[in-house]
Number of protein chains: 2
Amino acid sequence: MKVGLDKTTIIEMAANMADEKGIANVTLKVLAAELGVKPSSLYKHFNGGLGELNKELMLYGWHSLEIEITKAAIGKAKDDAIMAICYAYRNFSAGHKGLFEAMQWYNMYRSEEHLQATQGMVSVFFQVLDSYELSEEQKVHIVRMFRGFLQGFSSIESHGGYGNPLSINDSFDFALKTILNGIHDLQEGMEK
Amino acid sequence: MKVGLDKTTIIEMAANMADEKGIANVTLKVLAAELGVKPSSLYKHFNGGLGELNKELMLYGWHSLEIEITKAAIGKAKDDAIMAICYAYRNFSAGHKGLFEAMQWYNMYRSEEHLQATQGMVSVFFQVLDSYELSEEQKVHIVRMFRGFLQGFSSIESHGGYGNPLSINDSFDFALKTILNGIHDLQEGMEK
DNA sequence: TACAATGGCTAATATGATTAGCTAAAAGGA
DNA sequence: TCCTTTTAGCTAATCATATTAGCCATTGTA
């Protein structure tokens with residue numbers, strides 16, 4: 001006894017399990033077994049039980065993603081920076097399917113903490129957009145556009161929703177460039 | 001007894017319940033209660049139990065969405081048609097939050113039928129894109145781009161994920177126009 | 001009318017989450 | 001060192017839901 005667990009260890013194990021079997025298969029039963037402990041013992045770390053664990057997974061996921069895209073943006077500017085963070089986002093979702101699910105699933109209908117959790121990522125986008133000639137409003141629109149596109153595209157790709165044999169990588173690249181072109185047009189508009 | 005249920009009635013009731021309380025709260029217990037029947041009776045209609053019900057909801061949702069966007073495209077061409085089907089998609093997700101969840105949740109890690117289910121919608125996109133000067137490859141990329149954007153944007157919006165007070169409607173409109181601008185650039189490229 | 005299929009029911013079982021209450025190990029201070 | 005408190009585990013019990021088995025009335029049809 002006295003395995004010596006702590007919240008972080010449990011969350012990381014749960015995240016790995018989610019990536020392997022899908023978030024729906026992360027039960028307290030199997031998680032506890034994996035950790036060498038009884039299910040009820042997990043309540044010593046997560047008072048709120050499974051619900052709280054899922055919330056923590058969500059927070060952990062967004063935090064990890066924030067770190068990844070921040071690293072990706074270092075030393076880059078403008079389109080290069082955008083491309084880099086978008087690719088980092090997509091790579092993250094591909095490498096952490098289960099965790100990425102948790103980031104979206106939890107709090108589907110109660111989003112206070114979810115909203116906080118995504119702020120870090122949003123800030124990175126805004127910083128990168130500062131190097132463009134855009135109004136504040138336009139920046140908000142653009143960040144929303146990228147968030148929507150990235151979440152949807154990654155989610156569909158992760159779950160095998162793009163059936164056509166054409167390279168999904170090419171589609172991603174194409175889409176980013178198309179969006180960036182659209183943004184360039186805006187800037188030309190402003191300079192006039 | 002002999003309430004006289006059939007699959008369609010049950011699915012529609014389940015869809016309504018999902019829209020009201022979220023898909024996670026559609027249990028056989030409460031669904032049966034709502035239908036004036038015992039939970040076990042539902043197995044006479046859905047051999048596969050809750051899992052099958054969820055699958056049916058998913059299929060029903062994509063089918064309904066296909067109908068909506070098809071109607072929206074009638075009598076329109078090019079950008080007008082694209083805008084119309086995108087708005088129809090977004091309106092659908094806003095009006096059917098729970099069903100829209102079901103469309104994405106079910107089969108997260110088993111996507112054969114899911115893939116079939118989305119084909120109708122994909123076809124509508126392709127038809128609309130036929131009025132543009134684009135290669136087949138480009139069309140595939142573009143459909144993937146729109147699907148990603150629409151699913152992500154709608155999902156984030158539905159769950160209150162866009163915190164900024166700026167109009168989400170404006171953001172949606174802005175994003176569509178930006179993407180369309182990007183696509184126009186492509187066409188100019190081809191004409192050269 | 002007989003009789004097969006249908007759609008409902010009750011009762012029993014399984015699985016997983018959760019709670020209550022117990023206890024040994026660890027931590028820390030006199 | 002010894003006492004005390006907290007912590008992190010355990011067992012046993014409870015609850016909720018899904019699911020299965022088997023019974024029975026209604027319906028619809030030869």
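Atom P of nucleotide D/dC15 and atom OH of A/Tyr43 are separated by 15 Å, given to the nearest angstrom. Taking atom CG on A/Leu50 and atom P on D/dA16, their separation rounds to 17 Å, with Å as the unit. Between B/Phe46 atom CZ and C/dG8 atom P the separation is 12 Å, expressed in whole Å. Rounded to an integer number of Å, the gap from CG of B/Leu5 to P of C/dT6 is 15 Å. Distance CG (A/Asn54) to C1' (C/dA17): 12 Å, rounded to an integer number of Å. Following rounding to the nearest Å, A/Leu28 (CG) and D/dT14 (P) show an atom-to-atom distance of 20 Å. Taking atom CD on B/Glu52 and atom C1' on D/dA18, their separation rounds to 14 Å, with Å as the unit. The distance between atom NZ of A/Lys29 and atom P of C/dT15, rounded to the nearest whole Å, is 7 Å.
For residues 117-145 of chain A, every residue pair satisfying the ring-ring contact (aromatic ring centres under 6.0 Å, His included) rule, not counting sequence neighbours, is listed here: A/Phe125-A/Phe146, A/His141-B/Phe174. Within the structure, salt bridge (Lys or Arg N to Asp or Glu O under 4.0 Å) contacts touching residues 29-46 of chain A (residues at least two apart or in different chains) do not occur. Note on residues 160-178 of chain B: pairs passing salt bridge (Lys or Arg N to Asp or Glu O under 4.0 Å), not counting sequence neighbours, are B/Asp173-B/Lys177.
For the segment residues 35-42 of chain A, residues with any heavy atom less than 4.0 angstrom from an atom of DNA chain D are, sorted by number, A/Val37, A/Lys38, A/Ser40, A/Ser41.
Taking the six-membered ring for Trp and thresholds of 30 and 60 degrees, A/Phe172 and A/Phe153 have ring planes inclined between 30 and 60 degrees apart.
The base of D/dG9 is paired with the side chain of A/Lys44 by a donor and an acceptor separated by under 3.5 Å.
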Note to self: Please determine whether side chain to side chain donor-acceptor pair (under 3.5 Å) holds for the pair A/Thr9 and A/Asp6, giving the CA-CA distance in whole Å, both sets of side-chain angles, and the decisive distance to 0.1 Å.
What the structure shows: CA-CA 5 Å; A/Thr9 309; A/Asp6 68 337; 2.4 Å; yes
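For A/Asp130, the salt bridge (Lys or Arg N to Asp or Glu O under 4.0 Å) partners two or more places apart in sequence, or in a different chain, are A/Lys139.
Minimum interatomic distance between B/Leu186 and B/Gln138 (heavy atoms only, all atoms of both residues): CD2-NE2, 3.8 Å.
In this structure, B/Ile67 is not a member of the same hydrophobic cluster as B/Val128, with clusters built from ILVMFWY side-chain heavy atoms closer than 4.5 Å.
A sub-4.0 Å separation between OP1 or OP2 of C/dT6 and a side-chain N or O of B/His45 is absent.
At its two ends the helix from C/dT1-D/dA30 to C/dA30-D/dT1 runs along axes set 0° apart, each axis drawn from five pairs and the angle rounded to 10°.
Within the 3.5 Å criterion, the main-chain N or O of B/Arg144 finds a donor-acceptor partner in the side chain of A/Tyr162.
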